[in-house]
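Take a look at the structure set out below.
Just so it is clear: chains get the letters A, B, ... in the order the sequence lines come, proteins before strands, and each one is counted from 1.
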Amino acid sequence: MSISESEENVYDVSAIQDKWLPIWDELRPFASGKEGDTRPKKYVLDMFPYPSGDLHMGHAEAYALGDVISRYWVQRGFNVMHPIGWDAFGLPAENAAIKRGLDPRGWTYDNIEQQRSSMRRYACSFDWDRVIRTCDPLYYRWNQWLFLEFYNKGLAYRKNSMVNWCPSCQTVLANEQVVGGLCERCDSVVTKKALTQWFFKVTEYADRLLDDLDTLEGNWPSKVISMQRNWIGRSYGADVEFEIEGRTEPVTVYTTRPDTLYGATFMVVAADAALAAELVSDSSPAIQAEFATYLEKVKQSNDIERLSTEREKTGIFTGRYAINPVNGERLPIWAADYVLADYGHGAIMAVPAHDQRDWDFARTFDLPIRQVVDTGEGDPNTLGFATVGDGVLVNSGDLNGLSKTEAIAKMTQILEGKGKGKAAKNFRLRDWLISRQRYWGTPIPIIHCDSCGEVPVPADQLPVELPSAEGLDLSPKGTSPLGGAADWVNVSCPKCGAAAKRDTDTMDTFVDSSWYFLRFLSPNSTEVAFDLEQAKQWAPVDQYVGGVTHAILHLLYARFFTKVLHDLGYVDFEEPFTRLLNQGMVLMNGSAMSKSRGNLVRLSEQLDEHGVDAIRLTMAFAGPPEDDIDWADVSPAGSAKFLARAWRLANDVSSSVGVDFKTGDKAVRKAVHSFLRDFGHNIETFKFNVGVAKIMELVNVLRKAVDTGVGAADPAVREGVEEIAKAISLFAPYTAEDMWAQLGHQPGVALATFASVDESLLVESSIVAVVQVDGKLRDKFEVAVDITEEALREQALASDAVQRAIGDKTIANVIVRAPKLVNIATK
RNA sequence: GCCGAAGUGGCGAAAUGGCAGACGCGGAGCACUCAAAAUGCUUUUCCGAAAGGAGUGCGGGUUCAAGUCCCGCCUUCGGCACCA
């Protein structure tokens with residue numbers, strides 16, 4: 001081989017990348033929504049990134065996998081919309097701005113440009129005509145519009161509540177920013193603070209959010225469905241009314257165990273609930289003082305203490321008594337912090353015999369424990385723990401002898417008859433706190449007027465644009481930085497014209513991402529949030545791809561928004577994401593990559609070293625997409641080697657474009673078409689690693705065919721290599737495009753549809769039958785596919801190896817599954 | 001504590017109840033080369049020279065046949081966690 005020949009034959013990754021990028025810019029193969037496109041639609045969506053810097057390995061995995069799906073459907077002849085945008089509001093921009101004394105805008109838009117350019121190099125199949133950035137007024141104006149739609153429907157409201165507070169950052173934190181009781185950013189211990197905040201009424205949709213999960217079964221990872229079910233946490237039980245001595249109004253408690261009402265020996269109210277303070281206010285000064293001290297301690301407590309499992313129960317006696325509605329017993333009322341103010345009614349009936357927490361409390365304060373369910377384990381008084389299982393009711397009047405389930409039903413009935421209670425349900429889910437005392441977010445479009453109260457900003461005055469950050473103190477101080485923008489805050493009331501002030505809070509960025517998938521339908525509209533006709537055509541999202549970190553919050557909120565939009569008549573579906581794929585994480589040496597761990601792998605360096613295609617292929621081939629990839633365990637060099645091997649094959653093909661494949665070698669064609677059949681199935685079931693393996697197998701078959709078989713000129717070889725180029729295009733678009741060109745085609749392999757499977761080529765005339773003796777493989781031989789059971793049985797028994805294995809044992813049974821298998825069972 | 005998922009070669013992993021380990025990484029060997037790289041080919045679960053035997057976390061079960069189904073454990077990972 002001469003030197004010049006060998007140079008032609010070298011797979012030069014960077015040259016290929018440089019060659020095709022500008023051509024694709026011209027070609028724009030992934031523009032969607034052109035007039036008159038008759039292809040069936042498919043909406044494929046990757047979770048949009050936060051512009052925190054350049055793309056990292058995690059993005060590289062997510063977008064590689066999303067691209068496999070998106071490109072696959074294009075090549076199956078679908079009109080695919082695969083848009084991208086940026087979730088561009090949020091704390092990191094603000095923190096960077098504070099640190100450098102800059103406007104968060106500059107930092108954000110710079111990062112977006114960097115990520116956009118990296119995505120182009122990474123050959124993401126995005127439709128670049130549909131880009132959105134949530135920090136554009138063009139976008140967040142519609143957050144405000146939606147907020148007002150929610151507000152008008154009573155789904156957005158303001159209330160005072162205890163929220164997470166970081167004493168060091170001087171700001172409220174979202175639940176997701178509290179990690180193990182510590183502030184995500186500064187590791188300070190998070191405490192609680194009472195503040196008036198905006199909420200969205202997610203709880204009103206709790207039943208539907210839970211029940212509709214059933215419709216996602218099979219199309220969403222079961223893990224995500226069960227996490228959402230747990231998070232919503234519906235429980236069934238009863239509300240029970242207790243008269244309180246010296247109080248006109250009864251107190252209602254929620255219980256899942258109304259059957260144990262005869263076992264109630266005391267009542268507990270949440271120490272930080274209004275009820276506790278009220279009850280104590282009529283007690284002795286000594287109790288009032290004790291309560292005040294206790295309440296102070298409770299307010300100081302933090303999640304670290306709360307999370308401790310060994311924690312002793314604490315509480316104080318309020319000096320008040322409740323009356324058990326079924327037996328008239330006087331129950332002392334305690335205030336404690338193990339009862340939550342914001343769940344149920346903030347008060348419980350304590351049944352220490354059958355609830356471990358009540359048992360612990362009873363033991364700490366020497367309160368009676370009365371068994372009312374015999375579970376067969378014994379008396380909780382002497383057992384040392386509460387018995388919570390099923391059993392037979394005792395010491396319970398009319399309930400005696402009933403099972404737990406029967407007793408729950410009967411007690412509920414009794415209470416309803418007496419007007420002392422009713423069946424009830426409760427949710428773990430709380431309303432969504434959306435206000436943030438932060439600058440870099442969507443301003444809440446409400447004006448506070450002394451005489452008119454909360455006044456929505458009129459629709460024609462939207463958007464309420466963020467004032468310039470210039471001159472504003474963005475540093476955390478417990479109130480929103482927007483409060484410092486006097487010109488912006490002070491307005492006249494839209495209703496009465498008097499002096500009024502804007503709401504200075506901004507919205508949680510999860511609001512932005514709760515409906516962005518609809519904005520892609522008409523990304524630049526100044527008339528509507530999203531075009532209703534376009535929504536009919538494209539939505540809902542057929543395939544959503546993203547990390548499992550968003551399994552609860554983002555997906556729950558987006559589902560909530562969709563249901564609200566449905567009820568408002570804007571969309572005709574109730575679930576936003578028909579199918580969901582969660583990709584795993586990219587690790588290095590067993591743990592998540594981070595600078596502080598010193599195990600950070602830089603995407604840009606990987607791309608420089610191995611090429612875009614090899615990295616993308618490695619992401620897909622490493623294993624099942626939902627599994628984590630440990631970068632130390634995979635071989636981008638191996639991927640590059642395979643791509644070069646496939647590429648050389650295109651180089652070798654010597655037949656010309658348009659040659660009649662039907663004249664090609666049958667055996668090779670059979671391999672090609674059985675590949676086509678398997679590959680499509682693998683991709684559609686997300687077995688990308690297996691799909692890649694199938695391509696490798698076909699490449700190996702064709703390499704052999706070229707070198708030692710039918711030769712490079714056989715039409716079947718061209719047929720095979722063309723399909724390989726198309727298949728590789730899902731993973732390695734540069735290599736595929738270059739192969740396509742070598743094969744003599746015009747640019748645009750990404751739009752080349754797969755050949756349909758020729759079933760006639762797959763019909764087998766013979767097959768290898770296996771013979772087992774007692775389940776163990778003993779022989780195999782080729783037989784005709786239509787061999788009769790008798791003939792196969794005879795042939796199996798005639799085998800020397802089989803006879804050797806049977807030896808002197810007696811044959812008990814012979815199972816024949818013609819033509820594939822014979823199993824001989826001996827005694 | 002509650003809910004869920006997963007345990008298969010040296011490694012990443014395949015396997016509609018029907019040949020365990022496809023495909024790849026790594027290893028070994030051969031060819032090409034003055035040589036190396038690259039490439040191509042062969043081989044690679046373990047024990048055994050071989051015949052053969054063992055083998056999918058552990059213990060049972062169903063079945064002609066179990067990595068796969070059922071029961072009971074163990075381990076690892078993820079989520080929730082005083083939710084009455």
Side-chain angles (χ1 to χ4, degrees), chain A residues 1 6 9-11 221-231 233-235 237 253-257 260 268 270 303 306-309 311 313 336-340 342-351 354-358 360-361 388 426-430 548-549 551-552 617-618 621-624 626-639 641-642 644-645 648 678 681-682 687 689-697 699-700 703-704 707-708 768-780 804-805 811-817 820-826:
Chain A
M1 188 192 288
S6 75
N9 221 13
V10 165
Y11 171 76
S222 51
K223 179 183 176 176
V224 174
I225 293 177
S226 92
M227 280 165 74
Q228 293 226 350
R229 286 202 177 111
N230 277 324
W231 185 265
R234 181 169 55 198
S235 75
V253 305
Y254 171 74
T255 177
T256 54
R257 295 292 304 275
T260 63
V268 186
D303 282 356
R306 293 178 66 89
L307 286 169
S308 162
T309 47
R311 188 160 175 249
K313 288 278 183 289
D337 69 348
Y338 84 94
V339 170
L340 307 175
D342 61 349
Y343 182 78
H345 304 283
I348 62 152
M349 63 181 222
V351 184
H354 307 296
D355 182 287
Q356 190 59 45
R357 296 154 301 184
D358 297 344
D360 293 340
F361 193 82
V388 298
N426 256 301
F427 296 93
R428 200 190 148 279
L429 183 71
R430 307 295 205 275
V548 75
T549 41
I552 296 173
L617 183 70
T618 302
F621 185 56
E626 56 275 12
D627 288 4
D628 290 345
I629 298 172
D630 194 325
W631 203 247
D633 290 337
V634 296
S635 172
S639 298
K641 213 167 96 180
F642 162 71
R645 184 171 156 89
R648 280 193 301 273
D678 295 347
H681 182 252
N682 291 148
K687 293 178 172 182
N689 55 330
V690 183
V692 173
K694 299 285 182 203
I695 306 178
M696 290 171 168
E697 281 179 354
V699 166
N700 291 342
R703 180 77 264 154
K704 231 169 229 168
D707 289 349
T708 56
V768 173
V770 303
V771 186
Q772 301 171 322
V773 176
D774 292 324
K776 272 183 197 133
L777 176 71
R778 294 302 175 182
D779 199 9
K780 43 176 130 178
R804 239 192 345 266
I811 296 173
N813 196 5
V814 181
I815 306 290
V816 185
R817 292 280 178 272
K820 272 161 50 185
L821 175 132
V822 177
N823 190 12
I824 300 162
T826 66

B/S/- along nucleotides 45-57 of chain B (protein heavy atoms under 4.0 Å) is -------SSS---
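- Taking atom P in both B:C32 and B:A37, the straight-line distance is 15 Å, to the nearest Å.
- A:Val339 comes within 4.0 angstrom of a nucleotide base, judged by non-hydrogen atoms across all strands.
- Searching all strands for a Watson-Crick or G-U wobble partner of B:G7 with both distances below 3.5 Å returns B:C74.
- Rounded to whole Å, the C1' atom of B:G18 lies 7 Å from the corresponding atom of B:A65.
- Across the protein-nucleic acid pair, A:Lys223 atom NZ and B:G78 atom P stand 9 Å apart, rounded to whole Å.
- The pairing partner recorded for B:A35 is none, the criterion being a Watson-Crick or G-U wobble arrangement whose two distances lie under 3.5 angstrom.
- Proximity of A:Arg229 to the phosphate of B:G79: no side-chain N or O atom is located under 4.0 Å from OP1 or OP2.
- In this structure, the nucleotide among B:G12, B:C64, B:A84 sitting nearest to the side chain of A:Ile348 is B:A84.
- Side-chain proximity of A:Leu777 to B:C80, B:C19, B:A84: nearest is B:C19.
- In a base pair of the Watson-Crick type (N1 to N3 plus N6-O4 or O6-N4) or a G-U wobble (N1-O2 and O6-N3), with each distance short of 3.5 Å, B:C80 is matched with B:G1.
- Comparing the same atom, C1', in B:G10 and in B:G60 gives a spacing of 32 Å after rounding to whole Å.
- Judged by the 6.0 Å and 45° rule, A:Lys313 forms no cation-pi pair with A:Phe361.
- The side chain of A:Asn823 sits closest to B:G18 out of B:G12, B:A14, B:G18.
- The P atoms of B:U16 and B:A36 are separated by 44 Å, rounded to the nearest whole Å.
- Not a single donor-acceptor contact under 3.5 angstrom links the side-chain atoms of A:Asn230 to the base of B:C80.
- A gap of 28 Å separates the C1' atoms of B:C25 and B:G78, to the nearest Å.
- Atom CE in A:Met227 sits about 19 Å away from atom P in B:C2, given to the nearest Å.
- At least one side-chain heavy atom of A:Thr260 sits less than 4.5 Å from a side-chain heavy atom of A:Met349.
- Map A:Ala347 and A:Ser226 each onto its nearest nucleotide of RNA chain B; the residue landing nearer the 5' end is A:Ser226.
- Among the heavy atoms of the strands, none lies under 4.0 Å from A:Thr708.
- Within the 4.0 angstrom heavy-atom criterion, no nucleotide atom of any strand lies near A:Gln356.
- Searching all strands for a Watson-Crick or G-U wobble partner of B:G29 with both distances below 3.5 Å returns B:C41.
- No side-chain heavy atom of A:Arg257 sits less than 4.5 Å from a side-chain heavy atom of A:Asp355.
- Here the CZ-OH distance, from A:Arg430 to A:Tyr343, works out to 7.5 Å after rounding to the nearest 0.5 Å.
- Side-chain contact of A:Asn823 with A:Arg817: a donor-acceptor pair under 3.5 Å is absent, judged by distance alone.
- Taking side-chain N and O atoms only, A:Tyr343 has a distance below 4.0 Å to OP1 or OP2 of B:A84.
- Atom-to-atom distance recorded for A:Ile811:CD1 and A:Asp774:CG is 10.0 Å, nearest 0.5 angstrom.
- Across the strands present, B:C23 finds its partner in B:G12; the criterion is a Watson-Crick or G-U wobble pair with both atom distances under 3.5 angstrom.
- Distances shown here put every side-chain N or O of A:Ser222 at or beyond 4.0 Å from the OP1 or OP2 atom of B:G4.
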What nitrogen or oxygen pairs link the protein and nucleotides 35-42 of chain B at under 3.5 Å?
{"from": "B:U39", "atom 1": "O3'", "to": "A:Arg648", "atom 2": "NH2", "distance (Å)": "3.0"}
{"from": "B:G40", "atom 1": "OP1", "to": "A:Arg645", "atom 2": "NH1", "distance (Å)": "2.6"}
{"from": "B:G40", "atom 1": "OP1", "to": "A:Arg648", "atom 2": "NH2", "distance (Å)": "3.2"}

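- Base orientation at B:G29 is anti, since its O4'-C1' glycosidic dihedral falls outside 90° of 0.
- The 5' end of RNA chain B is approached more closely, in terms of each residue's nearest nucleotide, by A:Lys780 than by the other of A:Lys780 and A:Phe642.
- The structure places CZ of A:Arg645 at 4.5 Å from CG of A:Asn700, a figure rounded to the nearest 0.5 Å.
- Closest to the side chain of A:Ile815, from the set B:G78, B:G18, B:A81, is B:G18.
- Going from atom CE of A:Met696 over to atom OG of A:Ser639 covers 6.5 Å, rounded to the nearest 0.5 Å.
- The side chain of A:Pro624 approaches B:A14 more closely than any other nucleotide in the set B:A14, B:G79, B:G18.
- Residue A:Lys313 is in base contact, counting any heavy-atom pair closer than 4.0 Å across all strands shown.
- The listed nucleotides are B:A22, B:C64, B:A84; the one nearest the side chain of A:Ala693 is B:A22.
- As a whole-Å value, the separation of A:Lys820 NZ from B:A65 P is 18 Å.
- The main-chain N or O of A:Ala622 is never found under 3.5 Å from a side-chain atom of A:Asn689 such that the two would form a donor-acceptor pair.
- With rounding to whole Å, A:Arg817 atom CZ is found 12 Å from B:G18 atom P.
- To the nearest 0.5 Å, atoms CG (A:Asp678) and NZ (A:Lys687) are separated by 11.0 Å.
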Stepwise side-chain contact (heavy atoms from CB on, under 4.5 Å) check, A:His345 with A:Val253:
CA-CA 6 Å; A:His345 304 283; A:Val253 305; 5.5 Å; no
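- Atom CG of A:Asn813 is separated from atom C1' of B:G18 by 15 Å (rounded to the nearest Å).
- Taking atom CH2 on A:Trp631 and atom C1' on B:C25, their separation rounds to 13 Å, with Å as the unit.
- Partner of A:Gln772 under the side chain to side chain contact (heavy atoms under 4.5 Å, CB included) criterion, chosen from A:Ile815, A:Ile824, A:Leu821, A:Val822: A:Leu821.
- Taking atom C1' on both B:C11 and B:G21, the two are 13 Å apart, rounded to the nearest angstrom.
- Atom NE2 of A:His681 is separated from atom P of B:A14 by 14 Å (rounded to the nearest Å).
- Taking the side chain of A:Phe621 as heavy atoms from C-beta on, and the options B:C19, B:G4, B:C23, the nearest nucleotide is B:C23.
- To the nearest whole angstrom, the two P atoms, one in B:G9 and one in B:G79, are 26 Å apart.
- With no hydrogens or angles considered, no side-chain donor-acceptor pair links A:Asn426 and A:Ser235 at under 3.5 Å.
- Between the CG atom of A:Asp627 and the P atom of B:G12 there is a distance of 11 Å, rounded to whole Å.
- Comparing the P positions of B:A66 and B:C58 gives a spacing of 15 Å, expressed to the nearest Å.
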